[in-house]
Amino acid sequence: QVQLVESGGGSVQAGGSLRLSCAASGYTPSSRCMGWFRQAPGKAREGVATIYTGGGSTQYVDSAKGRFTISRDNAKNTVYLQMNGLEPDDTAMYYCAAGLPGRKKPCQGPEIDRDEYDYWGQGTQVTVSS
């Protein structure tokens, strides 16, 4: 059973930084799409960034470009989201998600589609105050 455990959330002031981690377990390491999503109260879950663990290709939602960086450590089965220049609009629960091994589609669409991901973590809260 694939398990994803997020950590690193917290409360920061606007302009601050946080680094989220997603530790994966329960499967044989292989190339797959990993994504970070977020959901603010009353809003739909939004894709923030994706990475293909095989080659490291990445994609970002427009609001994250230039501020957030997704990366992976395949030896540790861990994906990270470095968030700089945080803004109050970044306040949300952040979720890690994983696609099926070998599928690149979740990392390649014009939008980051939550329906392309098969496994989800429980989330970590990020709160940014002005």
Asker: Rounded at 0.5 Å granularity, tell me how far CD in Glu116 sits from CD in Gln108.
Answerer: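 Between Glu116 CD and Gln108 CD, I get 10.5 Å after rounding to 0.5 Å.
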Asker: Taking everything shown except Gln122 itself, do over 12 heavy atoms lie less than 6.0 Å from its CD?
Answerer: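 It does not: Gln122 CD has 12 such atoms or fewer within range.
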Asker: Apply the test side-chain contact (heavy atoms from CB on, under 4.5 Å) to residues Cys96 and Met34: give CA-CA distance (whole Å), side-chain angles for both, the deciding distance (0.1 Å), then the verdict.
Answerer: CA-CA 7 Å; Cys96 175; Met34 300 290 293; 3.8 Å; yes
Asker: Establish whether Met93 and Leu20 are linked, either directly or via other cluster members, by ILVMFWY side-chain heavy-atom contacts under 4.5 Å.
Answerer: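 As far as the 4.5 Å side-chain criterion goes, Leu20 and Met93 are not connected within one cluster.
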Asker: So, Glu46 and Arg114, do they make that salt bridge, N to O below 4.0 Å?
Answerer: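 Judged by the 4.0 Å cut-off on N to carboxylate O distance, Glu46 and Arg114 do not form a salt bridge.
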Asker: Distance from Ser30 atom OG to Asn74 atom CG, nearest 0.5 Å?
Answerer: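 CG of Asn74 is found 9.5 Å from OG of Ser30.
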Asker: For Arg67 and Gly85, indicate whether the former's side chain and the latter's backbone hold a donor-acceptor pair under 3.5 Å.
Answerer: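 Yes, because the side chain of Arg67 sits within donor-acceptor range (under 3.5 Å) of the backbone of Gly85.
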Asker: What is the distance from atom CD1 of Ile51 to atom CZ of Arg72, rounded to the nearest 0.5 Å?
Answerer: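 The CD1 atom of Ile51 sits 5.0 Å away from the CZ atom of Arg72.
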Asker: Ser57 side chain to Gly55 main-chain N or O, any donor-acceptor pair under 3.5 Å?
Answerer: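 No, because the side chain of Ser57 does not come within donor-acceptor range (under 3.5 Å) of the backbone of Gly55.
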Asker: Atom CG in Asp118, atom CG in Leu100: separation rounded to 0.5 Å?
Answerer: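 Asp118 atom CG to Leu100 atom CG measures 3.5 Å (nearest 0.5 Å).
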Asker: Are any non-hydrogen side-chain atoms of Ile112 and Val48 less than 4.5 angstrom apart?
Answerer: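 When only atoms from C-beta onward are counted, Val48 and Ile112 do not touch, as no gap falls below 4.5 Å.
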Asker: Taking only distance into account, with no hydrogens and no angle test, what donor-acceptor pairs under 3.5 Å do side-chain atoms of residues 7-15 form with protein atoms, sequence neighbours excluded?
Answerer:
none

Asker: Show, in sequence, the C-alpha distance, side-chain angles and deciding distance for Asp90 and Arg38, and conclude whether the salt bridge (charged side-chain N to carboxylate O under 4.0 Å, His left out) test is met.
Answerer: CA-CA 9 Å; Asp90 296 317; Arg38 64 186 179 188; 2.9 Å; yes
Asker: Excluding sequence neighbours, so at least two apart, what forms salt bridge (charged side-chain N to carboxylate O under 4.0 Å, His left out) with Arg45?
Answerer: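 Listed in chain order: nothing, the list is empty.
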Asker: Looking at Pro106, is its backbone amide N or carbonyl O close enough to the side chain of Tyr117 to form a donor-acceptor pair, meaning the two atoms are under 3.5 Å apart?
Answerer: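 It does hold such a pair.
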Asker: Measure the OG-CG distance between Ser25 and Asn77 for me, rounded to the nearest 0.5 Å.
Answerer: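 Atom-to-atom, Ser25:OG and Asn77:CG are 8.0 Å apart.
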Asker: So, do Trp120 and Phe37 have ring centers that fall under 6.0 Å from each other?
Answerer: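 Under 6.0 Å, so yes.
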Asker: Roughly how far, to the nearest 0.5 Å, is CZ of Phe68 from CG of Asn84?
Answerer: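 CZ of Phe68 is found 8.5 Å from CG of Asn84.
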Asker: Using atom types as modelled and distance alone, determine if a side-chain donor or acceptor of Gln82 lies under 3.5 Å from a backbone N or O of Thr69.
Answerer: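 Answer holds: no.
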Asker: Identify the heavy atoms of Thr91 and Val128 that sit nearest to each other, and give their distance.
Answerer: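 In this case the closest contact between Thr91 and Val128 is OG1-N, 2.9 Å.
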Asker: Going hydrophobic residue to hydrophobic residue with side-chain gaps under 4.5 angstrom, can you get from Val126 over to Tyr95?
Answerer: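 Val126 does not cluster with Tyr95.
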Asker: Considering residues at least two apart in sequence or located in another chain, which fulfil the salt bridge (charged side-chain N to carboxylate O under 4.0 Å, His left out) criterion with Lys65?
Answerer: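 Lys65 satisfies salt bridge (charged side-chain N to carboxylate O under 4.0 Å, His left out) with Asp62 once adjacent residues are dropped.
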Asker: Would you say Tyr80 ends up clustered with Tyr52 if hydrophobic residues are merged whenever their side chains have heavy atoms under 4.5 Å apart, either directly or through other cluster members?
Answerer: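 Per the 4.5 Å side-chain linkage, Tyr52 and Tyr80 are not co-clustered.
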Asker: Should Val79 and Trp36 count as side-chain neighbours, where that means a heavy-atom distance under 4.5 Å?
Answerer: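 Result yes, sub-4.5 Å side-chain heavy-atom pair found.
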Asker: Given 3.5 Å as the limit, does a donor-acceptor pair link the side chain of Ser31 with the main chain of Thr53, or not?
Answerer: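 No; judged by distance alone, with no hydrogens or angles, the pair does not exist.
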